[in-house]
Amino acid sequence: MDLPLLIGVTGGIGSGKSMICRLFECLDIPIYYADSRAKWLTNNDPEIRAKVVALLGQEAYGSAGLYNTRFVASRVFKNEPLLKELNAIIHPVVLRDTKAWVTQNAGAPYVVKEAAIMAKAGQANAVDVVVVVEAPVELRVQRILQRDKRPEQEIRAIIERQVSDESRREIADYIVNNDDASELIPQVLHLHELFLKRKSSER
């Protein structure tokens with residue numbers, strides 16, 4: 001089976017990684033939104049539900065049977081070992097789901113996986129290439145303020161907890177600048193051509 005290249009797109013909150021993915025969608029490239037899919041799986045996958053309840057208790061799912069994000073966040077926010085256990089439950093299922101999705105899209109030259117957390121290409125994530133989307137912190141804060149109406153202090157705390165820009169650059173095969181001074185479409189079209197050429201050369 002001729003599987004497509006799997007391109008990982010990542011970046012910090014407010015960097016604009018979803019915008020980049022929408023541009024790839026305009027080029028008819030399938031997109032796997034890992035964070036949204038992980039939320040769906042956490043609500044619907046019986047393996048995840050059973051293990052999360054065993055780890056955190058029945059309160060992990062509310063009266064309507066939906067994942068209780070606020071409760072879970074309160075338990076793992078300052079408990080790194082517990083957070084690692086939770087991630088160890090969810091991430092393998094998401095990885096299996098990603099691989100199945102890639103197989104479903106066999107025949108496409110490449111597909112894109114968007115995720116907030118990503119390892120270097122080939123390191124336990126199955127991606128062939130990592131694209132990091134960057135934007136200045138102050139611009140990211142302003143974008144989130146307009147989008148989510150969250151308190152600025154909360155936004156800055158989230159950015160502080162996330163992986164640093166320096167760490168993301170270390171895993172990047174390509175960087176897209178989304179700083180309002182750089183045009184996005186030419187950058188995405190350039191990557192599109194590179195990925196098509198790479199896939200063509202592998203056939």
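- Applying the salt bridge (charged side-chain N to carboxylate O under 4.0 Å, His left out) test to pairs two or more places apart or on separate chains, those with a residue in residues 79-103 are Arg37-Asp97, Glu47-Arg96.
- Here the NZ-CG distance, from Lys113 to Leu6, works out to 7.0 Å after rounding to the nearest 0.5 Å.
- The shortest distance between side-chain heavy atoms of Asp45 and Ile90 does not fall below 4.5 Å.
- Atom CD in Glu160 sits 9.0 Å away from atom CZ in Arg156 (nearest 0.5 Å).
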Should Leu191 and Ile20 be marked as a side chain to side chain contact (heavy atoms under 4.5 Å, CB included) after you check the CA-CA gap, both sets of side-chain angles, and the distance that decides it? CA-CA 11 Å; Leu191 291 174; Ile20 300 304; 5.9 Å; no

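- Taking hydrophobic clusters as Ile, Leu, Val, Met, Phe, Trp and Tyr residues chained together by side-chain heavy-atom distances below 4.5 Å, Val76 shares a cluster with Leu55.
- Taking CD1 of Ile89 as the reference point, atom OG1 of Thr42 lies at 9.5 Å (rounded to 0.5 Å).
- Scanning all heavy atoms of the two residues, the minimum distance from Ser182 to Gln187 falls at CB-NE2, 3.7 Å.
- In this structure, Arg161 places its CZ atom where more than 12 heavy-atom neighbours from other residues, nucleotides or ligands lie under 6.0 Å away.
- Qualifying side-chain hydrogen bond (donor to acceptor under 3.5 Å, both in side chains) partners for Thr69, counting only residues two or more places apart in sequence or in other chains: none.
- Identified under the side-chain hydrogen bond (donor to acceptor under 3.5 Å, both in side chains) test for residues 56-68, with sequence neighbours left out: none.
- Between the NE2 atom in His91 and the CD1 atom in Ile48 there is a gap of 9.5 Å [rounded to 0.5 Å].
- Counting heavy atoms from C-beta outward, Leu82 and Leu56 have side chains that approach closer than 4.5 Å.
- Between Asp128 and Ala121, the shortest heavy-atom contact is O-CB, 3.5 Å.
- No donor-acceptor distance shorter than 3.5 angstrom exists from the side chain of Thr10 to the backbone of Val132, with no hydrogens or angles considered.
- A 4.5 Å side-chain heavy-atom check between Arg198 and Val129 finds at least one atom pair inside the cut-off.
- Transitive grouping of hydrophobic side chains (ILVMFWY, heavy atoms separated by less than 4.5 Å) brings Val131 and Met19 into a common cluster.
- Hydrophobic clustering of Ile, Leu, Val, Met, Phe, Trp and Tyr side chains at less than 4.5 Å, counting indirect connections, keeps Ile171 apart from Val9.
- Between Arg169 and Glu134, at least one side-chain nitrogen of the basic residue sits less than 4.0 Å from a carboxylate oxygen of the acidic one, meeting the salt-bridge criterion.
- Side-chain heavy-atom separations under 4.5 angstrom define the hydrophobic clusters, and the remaining members of the one that includes Ile159 are Ile13, Val137, Val141, Ile144, Leu145, Ile155, Ile158.
- Taken together through direct or relayed side-chain contacts under 4.5 Å among Ile, Leu, Val, Met, Phe, Trp and Tyr, Phe71 and Leu83 form part of one hydrophobic cluster.
- Listed for the Lys17 side chain is a donor-acceptor partner under 3.5 Å among the backbone atoms of Gly11.
- Distance check: Leu41 CG to Ser36 OG gives 11.0 Å after rounding to the nearest 0.5 Å.
- Residue pairs satisfying the salt bridge (charged side-chain N to carboxylate O under 4.0 Å, His left out) criterion with at least one member in residues 171-190, sequence neighbours excluded, are listed as follows: Arg143-Asp180.
- Under the side-chain contact (heavy atoms from CB on, under 4.5 Å) criterion, Leu23 pairs with Leu184, Ile185, Val188, sequence neighbours left out.
- Of all heavy-atom pairs between Val133 and Asn178, the closest is CG1-CB, 4.0 Å.
- Between Tyr110 and Phe24 the shortest side-chain heavy-atom distance falls below 4.5 Å.
- Side-chain atoms of Asn105 and Tyr32, non-hydrogen and from C-beta on, never get closer than 4.5 Å to each other.
- Applying the salt bridge (Lys or Arg N to Asp or Glu O under 4.0 Å) test to Arg75 and every residue at least two apart in sequence or in another chain returns nothing.
- Nearest heavy-atom pair across Val94 and Ala38 is CG2-CB, 3.8 Å.
- With sequence neighbours left out, the side-chain hydrogen bond (donor to acceptor under 3.5 Å, both in side chains) criterion links Asn44 to no other residue.
- Val93 is connected to Trp101 through a chain of hydrophobic side-chain contacts under 4.5 Å among Ile, Leu, Val, Met, Phe, Trp and Tyr, so both are in one cluster.
- At least one side-chain heavy atom of Ser18 sits under 4.5 Å from a side-chain heavy atom of Arg22.
- Residues that satisfy the salt bridge (Lys or Arg N to Asp or Glu O under 4.0 Å) test with Arg49, not counting sequence neighbours, are absent from this structure.
- Taking the salt bridge (Lys or Arg N to Asp or Glu O under 4.0 Å) definition, one finds that Glu170 meets it with nothing, sequence neighbours left out.
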Derivation and outcome, side chain to side chain contact (heavy atoms under 4.5 Å, CB included), residues Phe195 and Ile29: CA-CA 11 Å; Phe195 301 151; Ile29 300 301; over 6 Å; no

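- Ion pairing between a basic and an acidic side chain is recognised when a charged N comes within 4.0 Å of a carboxylate O; Asp2 and Lys199 show such pairing.
- Closest of all the heavy-atom pairs between Pro4 and Ala108 is CB-O, 2.9 Å.
- Apart from Ile117 itself, the hydrophobic cluster it occupies contains nothing, where clustering links Ile, Leu, Val, Met, Phe, Trp and Tyr at side-chain heavy-atom distances under 4.5 Å.
- Here Asp148 pairs with Arg150 under the salt bridge (Lys or Arg N to Asp or Glu O under 4.0 Å) rule; sequence neighbours left out.
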